[in-house]
Amino acid sequence: MRDGKAEAAALLSWYDSHARVMPWRVGPAERAAGIRPDPYRVWLSEVMLQQTTVAAVRDYFRRFTGRWPDVGALAAAADAEVMAEWAGLGYYARARNLLKCARVVAGDLGGDFPDTPDGLRALPGIGPYTAAAIAAIAFDRPATVVDGNVERVVARLDRVEAPMPGSKPELARLAARLTPEARPGDFAQAMMDLGATICTPRNPACALCPLEGFCKARGAGVQGDLPRKSAKPPKPTRRGYTYVARRDDGAWLLEERPARGLLGGMLGWPGSDWAEAPDPAPPAEAEWRPAGEVRHTFTHFHLILTVLAARLPADATPRRGTLVPGPKFSPGALPTVMRKAHDAARALVEN
DNA sequence: AAACCGTGGAC
DNA sequence: TGTCCAAGGTT
């Protein structure tokens with residue numbers, strides 16, 4: 001069994017000249033000079049990056065830190081403001097847990113994030129990956145970070161042929177063996193940069209890889225086939241009706257979704273259940289006009305939404321929803337599927 | 001522990 | 001077009 005020291009040294013050397021630049025990151029040169037990243041920014045970026053690409057996160061990170069520059073400011077924010085700012089980024093439980101976590105840190109921990117994986121792991125929305133990432137990156141603790149990039153890199157390095165997710169514990173062990181005692185924060189980010197730019201899922205750029213000489217999969221020519229993954233079940237298609245209504249004074253009929261479940265806590269248009277054969281469920285008496293169909297794919301099903309639009313008289317009394325004044329409504333505060341419905345209905349309800 | 005939970009880009 | 005995938009966590 002190797003101890004991984006040579007691999008770690010080669011990777012860190014590569015990172016010193018190839019580290020990606022990101023708004024939340026302290027680069028290897030600054031870090032060598034003793035500069036540490038702000039734990040608040042590391043935490044915020046790590047939560048945003050859960051199952052989400054760097055490209056998608058950049059602007060959200062800038063807006064959040066511009067508006068809430070520290071954990072105290074975020075903790076004091078109104079729930080609806082945070083959910084609206086998160087709209088479009090997906091996995092909305094992250095935003096709800098983000099606020100819970102900020103309030104624990106600001107309220108119970110004096111504004112300081114824990115600096116150990118166990119302490120971090122106890123906070124809402126922080127699991128094994130994020131706890132290790134914050135401990136390593138923000139506090140330079142020797143924690144092993146295991147995300148999809150790391151799993152792919154070590155699966156190839158050690159030619160692990162067993163399929164995911166069953167092989168995850170084995171891949172985590174292999175990753176831990178690679179982690180050096182020095183520069184754990186840089187090492188964690190180096191592994192992720194390598195996975196994102198060189199050791200990519202398809203067509204890895206092995207000729208540019210600092211670990212090529214160590215890589216068992218490369219040696220056998222099977223790097224493109226690893227890590228293997230068990231087949232995913234097909235996505236069923238569900239249907240639904242959604243109702244975009246605007247009162248004559250310009251107010252929109254909206255509804256806050258239940259706090260848990262799909263799009264939990266987000267603003268949306270009232271509508272039917274999403275099922276194989278849903279019943280229509282108009283939220284008010286009105287002349288509903290067809291505004292087309294919206295197609296959208298969620299994590300585990302396809303959705304075909306029939307959009308109905310109507311104008312409501314000034315004295316209308318809807319059965320459901322809340323009338324939001326026109327100037328207070330922004331489609332940007334809606335999750336994407338609801339914004340699509342707004343786009344489809346807009347022309348029919350404009351003033 | 002298997003299911004649930006978003007979105008956009010690449011191919 | 002459809003499928004895969006991305007710095008996963010919670011229940």
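Here the structure is a predicted model, which means the values were calculated and not measured. Here is the naming used below: chain letters follow the sequence lines, and residue numbers restart at 1 for every chain.
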> Can you see if the side chain of A:H296 gets near the phosphate of B:dG6 - specifically, an N or O under 4.0 Å from OP1 or OP2?
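No, no such contact exists.
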> Heavy atoms within less than 4.0 Å of DNA chain C: which residues of residues 126-135 of chain A have one? Give them sorted by number.
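Nucleic-acid contacts, sorted: A:I126, A:G127, A:P128, A:Y129, A:T130.
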> Say you pick atom P in C:dG9 and the same atom in B:dG8; how far apart are they, in whole Å?
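So the two P atoms sit 22 Å from each other.
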> Looking at A:R311 and A:V349, would you say the former's side chain and the latter's main chain have a donor-acceptor pair under 3.5 Å?
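Pair found, side chain donor or acceptor close to backbone of A:V349.
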> Under the 3.5 Å rule, do the base of B:dG8 and the side chain of A:T53 count as making a donor-acceptor pair?
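No, no donor-acceptor pair under 3.5 Å.
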> Go nucleotide by nucleotide along DNA chain B from the 5' end; which of A:N203 and A:H300 gets its closest nucleotide reached first?
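So the residue in question is A:H300.
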> Looking for any heavy atom pair under 4.0 Å, which part of the strands does A:W43 touch: base, sugar-phosphate only, or nothing?
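If one applies the 4.0 Å heavy-atom cut-off, A:W43 turns out to touch nothing in the nucleic acid.
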> NA contact type, A:R339, heavy-atom cut-off 4.0 Å: base, sugar-phosphate, or nothing?
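Sugar-phosphate contact only - A:R339 comes under 4.0 Å of backbone atoms but never of a base.
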> Could you tell me whether the phosphate oxygens of B:dT7, OP1 or OP2, come under 4.0 Å of any side-chain nitrogen or oxygen in A:T336?
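Indeed, a polar side-chain atom of A:T336 lies that close.
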> Contact class for A:V54 vs. all strands (heavy atom < 4.0 Å): base, sugar-phosphate, or nothing?
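Since a base atom lies under 4.0 Å of A:V54, the category is base.
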> Ignoring hydrogens and angles, tell me if any N or O in the side chain of A:T306 forms a donor-acceptor pair with the backbone of A:G292 under 3.5 Å.
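No.
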> Which sits closer to the 5' end of DNA chain C, A:E46 or A:R260, going by the nucleotide each is nearest to?
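That would be A:E46.
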> Could you tell me the separation between the NZ atom of A:K235 and the P atom of B:dG6, rounded to a whole number of Å?
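So the NZ-P distance, A:K235 to B:dG6, works out to 12 Å.
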> Atom CZ of A:R257 to atom C1' of B:dG6: distance rounded to whole Å?
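For the pair A:R257 CZ and B:dG6 C1', the rounded distance is 12 Å.
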> For a 4.0 angstrom threshold against heavy atoms of chain A, report the outermost contacting nucleotides of DNA chain C in 5' to 3' order.
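Range of nucleotides within reach of chain A: C:dC5 to C:dT11.
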> If I take atom CZ in residue A:F301 and atom C1' in nucleotide B:dA3, what distance separates them, rounded to the nearest angstrom?
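After rounding, the gap between these two atoms is 13 Å.
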> Could you check how far CZ of A:R295 sits from P of B:dG8, rounded to whole Å?
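The distance from CZ of A:R295 to P of B:dG8 comes to 17 Å, rounded to the nearest Å.
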> Expressed in angstrom and rounded to an integer, what is the separation of A:K232 atom NZ from B:dC4 atom P?
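Going from NZ in A:K232 over to P in B:dC4 covers 15 Å.
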> Which residue lies toward the 5' end of DNA chain C, A:K100 or A:P227, if each is placed at its nearest nucleotide?
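Mapping each residue to its closest nucleotide by heavy atoms, the 5'-most match is A:P227.
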> Verify whether one side chain among A:H300 and A:K235 offers a donor that lies under 3.5 Å from an acceptor in the other.
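No.
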> Let me know the distance between CZ of A:R94 and P of B:dT7, rounded to the nearest Å.
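About 10 Å, once rounded to whole Å.
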